[in-house]
Amino acid sequence: MQDQITPGNLLRTMRANPPLVQCITNFVAMNIAANVMLAAGASPAMVHAEEEAGEFAAISGALTINIGTLSAGWLRGMLKAAQSANNAGKPWVLDPVAHYATAFRRDAITRLLELKPTIIRGNASEIIALAGGTSRGQGVDSRDAVEQAEDSALQLAEKHSCVVAVTGVTDFVTDGQKAKRIAGGSPLMPQVTALGCSLTCLVGAFAAVAPDDPFHATITALTVFAVAGQQAGAAAEGPGSFSWRFLDALAALTPETLDRDARISAA
Ligand SMILES: Nc1ncnc2c1ncn2[C@@H]1O[C@H](COP(=O)(O)OP(=O)(O)OP(=O)(O)O)[C@@H](O)[C@H]1O
Ligand SMILES: Cc1ncsc1CCO
Ligand SMILES: [Mg+2]
């Protein structure tokens, strides 16, 4: 059992040796994402400056890049970090926040995609638009259903030879060949800002633990959020109490509970 690739076994492996993950995320997400990572058992570092982002990527187990609050200097740091991760053979995860909204973001996402992310994690509107479809997204918020983004995810995964995760009510993960759905979570999750951004960082943490298996690394991170989110949602009175309950549920989550409560199905 211990040798099987289950979410619980990957969580156990991560906690035994917390991976250093360089998270280039946005101003909104930085604090909550770092707390999510610590609660789950990873070691986050929010390092984005162009003067050091590339150097840091080489010493990290994985890199995550999120364009939520982009600026020209940050973009230069992102490009250097992604290049460095590639040179060092480290996995990196792209979160294309609202990439369809402005010319600056569209150009940035094109340049980042050229650097071959290992995994892309976004909401349904972001994934539909990234595959060239018409999304109904408004700013950073999704207004499309995950089911409508599944074909887009498959196309993107094949085109860029990467794993693609679409999150929402039921998440969808594909490497272009295989695909899984992950149920769970809570309707309160989109009411708390930057949980998706935090999830992207956690995907990076599991990619650092299983660099040769980004498909299962991604499924594991999404399952951790699904199970902890469901627990927190059952007791929460609103987004405020959901937020702290979610952190506590992540920290208390055991590998056994994770495997017991995981709702992963073939797609
Ligand atoms: N209605 C829902 N029911 C259950 N879980 C949900 C729901 N909506 C989102 N989630 C979960 O919330 C987490 C974040 O996903 P979401 O798709 O909201 O990211 P996002 O839109 O990129 O968020 P943000 O940009 O605010 O960081 C995922 O674990 C997802 O499964
Ligand atoms: C609200 C917000 N604005 C830019 S990034 C971000 C966090 C959710 O994506
Ligand atoms: Mg997002």
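In listed order, ligands and their atoms are each counted from 1. Keep in mind that the numbers below use all heavy atoms, side chains included, and drop hydrogens, waters and symmetry copies. Keep in mind that this is a model prediction, so the values were computed, not measured. Numbers here simply count residues along the sequence, with the first being 1.
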query = Touching ligand 1 at all, P187? Heavy atoms, strictly under 4.0 Å?
reply = yes
inquiry  = Please list the nearest protein heavy atom to atom 26 (O) of ligand 1 with its residue and the distance rounded to 0.1 Å.
reply    = A194 N, 3.2 Å
ask   = To which protein heavy atom is atom 1 (N) of ligand 1 closest, and what is the distance rounded to 0.1 Å?
value = V169 CG2, 3.5 Å
key: Nearest non-hydrogen protein atom, atom 4 (C) of ligand 2   = G68 O, 3.4 Å
task = Classify the angle between the aromatic ring planes of W74 and H48 as parallel (below 30°), tilted (30 to 60°) or perpendicular (above 60°).
result = parallel
task = Below 4.0 angstrom from a heavy atom of G184, which ligand 1 atoms are there? Numbered from 1 as shown, please.
result = 4 (C), 5 (N)
remark   = Looking only at heavy atoms, the pair that brings L253 and L11 closest together is O-CD2, 4.0 Å
key: Shortest protein contact, atom 7 (C) of ligand 2 (heavy atom only)   = T193 OG1, 3.7 Å
request  = Treat each ILVMFWY residue as a node, draw an edge where side-chain heavy atoms are under 4.5 Å apart, and state whether I109 and V163 are in one component.
outcome  = no
remark   = atom 24 (P) of ligand 1 has as its nearest protein heavy atom G196 N, 3.7 Å
ask   = What closest approach, in Å, do P187 and Q191 show between heavy atoms, and which atom pair accounts for it?
value = O-CG, 3.8 Å
remark   = Restricting to heavy atoms, the pick from P190, S186, S142 nearest atom 4 (C) of ligand 1 would be S186
message = At less than 4.0 angstrom from any non-hydrogen atom of C197, what atoms of ligand 2 do you find?
response = 8 (C), 9 (O)
message = Which of the numbered atoms in ligand 1 are under 4.0 angstrom from any heavy atom belonging to R121?
response = 19 (O), 20 (P), 22 (O)
query = Which residue supplies the protein heavy atom nearest to atom 17 (O) of ligand 1, what is that atom called, and how far is it?
reply = T167 OG1, 2.8 Å
message = Under a 4.0 angstrom heavy-atom cut-off, which atoms of ligand 1 come close to L199?
response = 28 (C), 29 (O)
task = Among T220, T218, D213, D212, find the one that has a side-chain hydrogen bond (donor to acceptor under 3.5 Å, both in side chains) with H216.
result = D213
Which residue and heavy atom of the protein sit nearest atom 21 (O) of ligand 1, plus the separation = N123 ND2, 3.0 Å
task = Please report which non-hydrogen protein atom sits nearest to atom 3 (N) of ligand 2, along with the residue it belongs to and the distance in Å to one decimal place.
result = V140 CG1, 3.8 Å
task = Select the closest option to atom 30 (C) of ligand 1 among G68, G168, A124, judged by heavy-atom distance.
result = G168
request  = Test N66 against T200 for side chain to side chain donor-acceptor pair (under 3.5 Å), laying out the working first.
outcome  = CA-CA 8 Å; N66 171 307; T200 296; 5.2 Å; no
query = Of all the heavy atoms in L195, does at least one lie under 4.0 Å from an atom in ligand 1?
reply = yes
Over all atoms of both residues, closest heavy-atom pair of A267 and R181 = CA-NH1, 3.5 Å
key: K178 to F215, cation-pi by 6.0 Å centre distance and 45° axis angle   = yes
request  = Would you mind reporting whether Q230 and D261 have side-chain heavy atoms less than 4.5 Å apart?
outcome  = no
Step-by-step side chain to side chain donor-acceptor pair (under 3.5 Å) determination, T69 to N26 = CA-CA 5 Å; T69 51; N26 59 70; 4.9 Å; no
task = For atom 6 (C) of ligand 2, find the nearest protein heavy atom and state the residue, atom name and distance (0.1 Å precision).
result = V28 CG2, 3.7 Å
ask   = Does A29 approach ligand 1 within less than 4.0 angstrom via side chain, backbone, both or neither, non-hydrogen atoms only?
value = neither
request  = Within a distance under 4.0 Å of any heavy atom of D171, pick out the atoms of ligand 1 and give their elements.
outcome  = 30 (C), 31 (O)
message = Among C197, S125, G185, which one puts a heavy atom closest to atom 27 (O) of ligand 1?
response = C197
query = Linking I/L/V/M/F/W/Y whenever any side-chain heavy atoms sit under 4.5 Å apart, do L195 and V140 land together?
reply = no
Over all atoms of both residues, closest heavy-atom pair of N123 and R121 = N-NH1, 4.0 Å
query = So, does A29 sit close enough to ligand 2 that a heavy atom of it is under 4.0 Å from the ligand?
reply = no
request  = For atom 13 (C) of ligand 1, find the nearest protein heavy atom and state the residue, atom name and distance (0.1 Å precision).
outcome  = M189 CE, 4.1 Å
remark   = Closest non-hydrogen atoms of Y100 and R106, given as atom of the first, atom of the second and distance, are O-NH1, 3.0 Å
